[in-house]
Undergrad: 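Structure incoming, see below.
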Amino acid sequence: MKDRVYLLVAVALSVLGLALSEIEKPDVPVSPAPLLFFLADTQRELTRMPMQVTRMPDQEEIEVGNRLARKYAAAFPSIRGNPEATAIAEYVETVGKTVAANAHRKLPYQFHYVPDVNFINAFALPGGHVFIGEGLMALMTTEDALAAILGHEIEHIDHYHCAERVQIEVAMRRIPMSGAVALPVAVFVAGYTKDQELEADREGARLAAEAGYSPLEVTAVFEEIDKLYKRAHDPARNPGEEMSRVALETLEGYFRSHPLPQERIAAIRHEVGSLPAHPPRPLAFQEVFEREQALRALAEGRYGAASTLATQVLTAKPEDVPALKTLSEARFALKDYAGALENYTKLVPLDPLAANDVRTFAVNLASAALQRQDLRSAAEIAQHAMEFEPVSLEAYLLRIRALLLANDVDAAWETTQQLLKLAPGGQGELPEFARSRAEQLMRTHDYAMAERLAEYPLRILPNDPSYLLGYARAAFANGDFARAADAFLRLFEAPPETAPPPVRARQQIRWETALESASDSFAAAGDAKRGIAALEEALAKDKKRDPLRSAMLAEEIAGLKLFAGDEKDARQYADSIMSGKWEDRPVIGLDRIGWWYYRTGRAGEAVQLLSRVVGVTPDQDDVILELGWAQLDAGAFQPALASFRRTRNVFNEWRARADDPVMGVALGEWLSADREEALREFRVAVSQHPEWLNASWPLALYPLNTVRLVQMVNNERARREAAQKAIQSRR
């Protein structure tokens with residue numbers, strides 16, 4: 001009667017606990033630990049209950065154990081078809097039967113090897129079945145330790161711990177003994193009370209000693225388990241370690257019912273003092289477990305440990321493929337590139353697929369360094385990854401991307417040349433990558449480096465219009481006007497259809513703009529005569545004789561001649577504009593003669609010509625902006641301000657032309673004596689186009705009066721900023 005009362009109390013408490021858990025659900029991380037905690041705590045508390053169970057007969061215990069063993073063995077990885085795992089299983093069976101020969105109960109003991117490196121445990125079933133995982137054996141170095149662990153599990157059977165566990169579980173679950181096969185494996189994996197565990201340690205040590213083993217060797221296993229237990233509480237350092245954390249977390253539940261390693265070590269050392277001492281025997285198949293430890297260390301990023309363990313494996317088995325692969329990868333990660341290549345060379349004839357994995361590992365290391373913006377390391381790692389044969393093209397691409405991001409264009413081009421020799425046309429997205437990088441530098445106004453980056457794609461695809469435009473823009477902004485002129489002229493001559501449609505949509509430039517930018521750049525470079533010759537050659541090659549293209553070429557030639565001191569052709573254009581006789585010329589483009597008069601410092605004539613064009617084409621913002629600059633240089637700063645303000649929201653982005661309306665507003669405000677507003681606008685202009693602060697840049701593009709005005713405003717800006725800094729430093 002009393003037993004039934006205790007049972008009802010236990011069931012009622014369980015139901016109450018489940019109800020409370022639904023009301024107040026704790027916020028806990030998902031892991032295997034909670035299940036093991038629950039099982040271990042429940043089992044520990046149940047063994048304290050004064051429940052008297054009638055010991056089941058041996059035959060019934062054996063039958064229950066056999067059914068459970070068949071079920072669990074089917075759930076674990078099979079050794080079938082794995083000669084190495086089969087040999088280890090036979091070895092475990094031999095050692096286990098040697099130890100079991102001295103057990104008190106003469107049962108049909110059977111020993112099972114679980115080939116799973118993440119199973120860091122051993123457990124026993126009623127009737128004589130003992131399971132041990134590869135993960136636990138990987139922590140051993142002696143056969144004596146294996147004997148002591150197996151002896152420990154044998155004692156759980158020998159002292160009826162397993163049988164009582166089954167009886168308690170079926171009683172708690174209110175199922176017949178025939179239903180015991182439904183019990184989960186966690187019931188046995190979770191362990192027993194600490195007293196029972198210590199008892200199994202003591203008796204297992206005795207069994208091992210009686211079989212001729214040194215039971216003290218098992219303490220080394222517990223020390224390794226202790227290290228794993230502590231490592232399970234450290235934060236994961238990489239994805240590989242995160243993956244192995246599941247196996248380590250199972251130790252949490254294990255130690256809830258098992259004594260902590262240090263406690264077990266002390267108890268065993270106390271116990272073995274009275275047992276006979278035997279010289280330890282090396283663990284057979286140790287290289288197999290060292291290999292698994294090496295793989296785990298590699299996955300966790302413990303490359304030094306992986307290298308040491310893999311080397312130990314290769315001492316016994318020089319051609320072990322997994323060990324060679326692990327050693328090559330670990331040495332590479334340790335930057336022992338010569339050692340990595342040496343082992344990789346040994347691996348290639350043995351297993352080409354494993355050798356390919358080494359190359360992939362190296363590339364992934366370089367990619368990881370690139371992702372964290374460690375550009376120097378990424379380039380170095382990729383360079384050494386390139387040394388493997390067959391060559392990994394991805395390693396070349398990674399190194400080039402890292403060098404381009406680091407602005408080391410020369411080294412990037414050198415590596416690109418090597419790549420193109422190995423794989424013509426294998427540049428992939430590198431040109432687009434460099435173009436994008438150049439645009440980033442343009443946005444940060446690092447024009448010198450932007451020009452160098454923008455030139456890189458043209459070395460691979462010299463006639464691509466989109467890359468020509470990027471380079472021309474960067475060279476112009478950098479003040480490299482001669483190179484910009486050549487690039488713009490090539491854009492003018494290149495037919496638009498040569499660019500792919502997506503590129504045309506993103507990087508298209510009108511041929512009119514390309515032509516004007518080319519002639520502006522020739523003039524800015526002080527190379528008007530070369531510009532005249534280049535445009536005359538282009539005009540001669542214009543076989544289609546497109547009237548508009550031919551007319552604009554002739555006008556730009558006239559402008560460059562004016563800039564070079566020959567006014568004859570420009571004067572004819574000017575006379576046509578002033579007289580209104582445009583019948584023989586297209587109206588579009590005639591503003592350029594007025595602009596050229598402005599560029600040569602003849603602002604009054606430029607105002608007259610541009611005003612006439614505006615009168616005919618009043619909606620041409622380009623012409624209105626040009627008129628504003630001519631008005632400013634002619635001293636008509638109020639009309640100039642009106643022109644600049646009208647166009648500042650139209651031309652507030654970088655263009656291949658020098659006419660910046662924001663700077664025009666700043667200079668106009670300065671001339672109208674609104675110095676504060678002028679300085680504010682000036683700061684906006686130079687923040688958008690810092691090339692204004694480079695005296696040689698405006699000098700090449702604007703008349704001398706405008707350049708002097710820019711210098712005047714800039715000097716005042718610098719004076720005020722210096723004064724402000726002086727005030728702040730005295731505070």
Side-chain angles (χ1 to χ4, degrees), residues 238-240 287 290-372 374-406 408 410-424 426-428 430:
N238 52 60
E287 70 278 1
E290 287 175 338
R291 177 205 299 151
E292 295 302 328
Q293 286 180 297
L295 289 170
R296 180 186 293 278
L298 184 73
E300 295 176 357
R302 296 183 292 116
Y303 300 121
S307 176
T308 300
L309 289 163
T311 300
Q312 292 172 191
V313 175
L314 292 170
T315 301
K317 299 178 68 175
E319 293 189 347
D320 187 275
V321 167
L324 276 171
K325 174 179 173 293
T326 300
L327 182 58
S328 183
E329 291 175 353
R331 291 281 174 85
F332 194 92
L334 292 168
K335 297 191 175 182
D336 177 7
Y337 300 119
L341 187 58
E342 178 186 355
N343 288 283
Y344 169 84
T345 304
K346 296 176 183 176
L347 183 61
V348 171
L350 297 174
D351 191 332
L353 290 178
N356 183 65
D357 289 342
V358 175
R359 295 195 299 273
T360 301
F361 176 86
V363 167
N364 288 341
L365 280 183
S367 180
L370 187 61
Q371 289 177 3
R372 64 176 182 267
D374 186 355
L375 304 179
R376 182 175 179 181
S377 293
E380 177 190 347
I381 295 169
Q383 181 179 17
H384 289 286
M386 289 157 45
E387 296 171 359
F388 291 125
E389 292 286 348
V391 172
S392 171
L393 297 183
E394 183 60 24
Y396 277 86
L397 296 174
L398 277 168
R399 174 170 168 78
I400 295 167
R401 283 197 290 268
L403 292 170
L404 290 173
L405 286 172
D408 192 346
D410 291 338
W413 176 241
E414 181 181 350
T415 307
T416 304
Q417 289 177 301
Q418 298 171 16
L419 169 65
L420 295 178
K421 285 181 181 178
L422 291 169
Q427 69 273 3
L430 287 176

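Computed from a predicted structure; not experimentally measured. Below, all heavy atoms of this structure are taken into account, side chains as well, without hydrogens, waters or symmetry copies.
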Undergrad: With a 6.0 Å cut-off on ring centres, are F332 and F361 close enough?
TA: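 Judged by ring-centre distance (under 6.0 Å), F332 and F361 do not meet the cut-off.
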Undergrad: Could you report the tightest heavy-atom contact between A354 and V321, atom names first, then the distance?
TA: CB-CG1, 3.8 Å
Undergrad: Quick check: does any side chain N or O of T311 sit under 3.5 Å from a backbone N or O of S307, one acting as donor and the other as acceptor?
TA: yes
Undergrad: Just so I know, are the side chains of D408 and L375 near enough to count as touching, which here means a heavy-atom distance under 4.5 Å?
TA: no
Undergrad: Would you please test E329 and K325 for salt bridge (charged side-chain N to carboxylate O under 4.0 Å, His left out) and show each step?
TA: CA-CA 6 Å; E329 291 175 353; K325 174 179 173 293; 3.2 Å; yes
Undergrad: For R359 and Y344, does a side-chain donor sit closer than 3.5 Å to a side-chain acceptor?
TA: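 Checked: R359/Y344 side chains pair up, N/O donor to acceptor below 3.5 Å.
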Undergrad: Would you check if the side chain of T326 reaches a backbone N or O of P322 as a donor-acceptor pair within less than 3.5 Å?
TA: yes
Undergrad: So, for A385 and A362, which heavy atoms are closest and what is the spacing to 0.1 Å?
TA: CB-CB, 3.8 Å
Undergrad: Please report the shortest heavy-atom distance between A378 and A366, naming the atom on each side.
TA: CB-O, 3.7 Å
Undergrad: Quick one: which of V363, N356, V358 gives a side chain to side chain contact (heavy atoms under 4.5 Å, CB included) with T360?
TA: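 So, applying the side chain to side chain contact (heavy atoms under 4.5 Å, CB included) to T360 and each of V363, N356, V358, only N356 qualifies.
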Undergrad: Would you check if there is a donor-acceptor pair between the side chains of T415 and R399 at a distance under 3.5 Å?
TA: yes
Undergrad: Quick one: are L403 and D410 in side-chain contact, heavy atoms under 4.5 Å?
TA: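 No, side chains not in contact.
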Undergrad: With a 4.5 Å limit on heavy-atom distance, are the side chains of L422 and Q418 in contact?
TA: no
Undergrad: Shortest non-hydrogen contact from N343 to G339?
TA: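 Shortest heavy-atom separation between N343 and G339 comes out as ND2-O, 2.8 Å.
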Undergrad: Side chains of R401 and L398: does their closest heavy-atom pair fall under 4.5 Å?
TA: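 With C-beta onward as the side chain, the pair touches.
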Undergrad: If I compare all heavy atoms of L420 with all of Q427, which pair ends up nearest, and what's the gap?
TA: CD2-OE1, 3.5 Å
Undergrad: Is a donor on one side and an acceptor on the other found under 3.5 Å between the side chain of D351 and the backbone of L347?
TA: no
Undergrad: Kindly indicate whether the side chain of E387, heavy atoms from C-beta on, has any atom under 4.5 Å from the side chain of H384.
TA: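 They are in contact (side-chain heavy atoms under 4.5 Å apart), so the answer is yes.
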Undergrad: How long is the straight-line distance from CD of E414 back to CD of Q417, given to the nearest 0.5 Å?
TA: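 One finds 7.5 Å between CD of Q417 and CD of E414.
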Undergrad: Considering only heavy atoms from C-beta outward, does the side chain of E380 approach that of Y337 to under 4.5 Å?
TA: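 Yes; the side chains approach each other to less than 4.5 Å.
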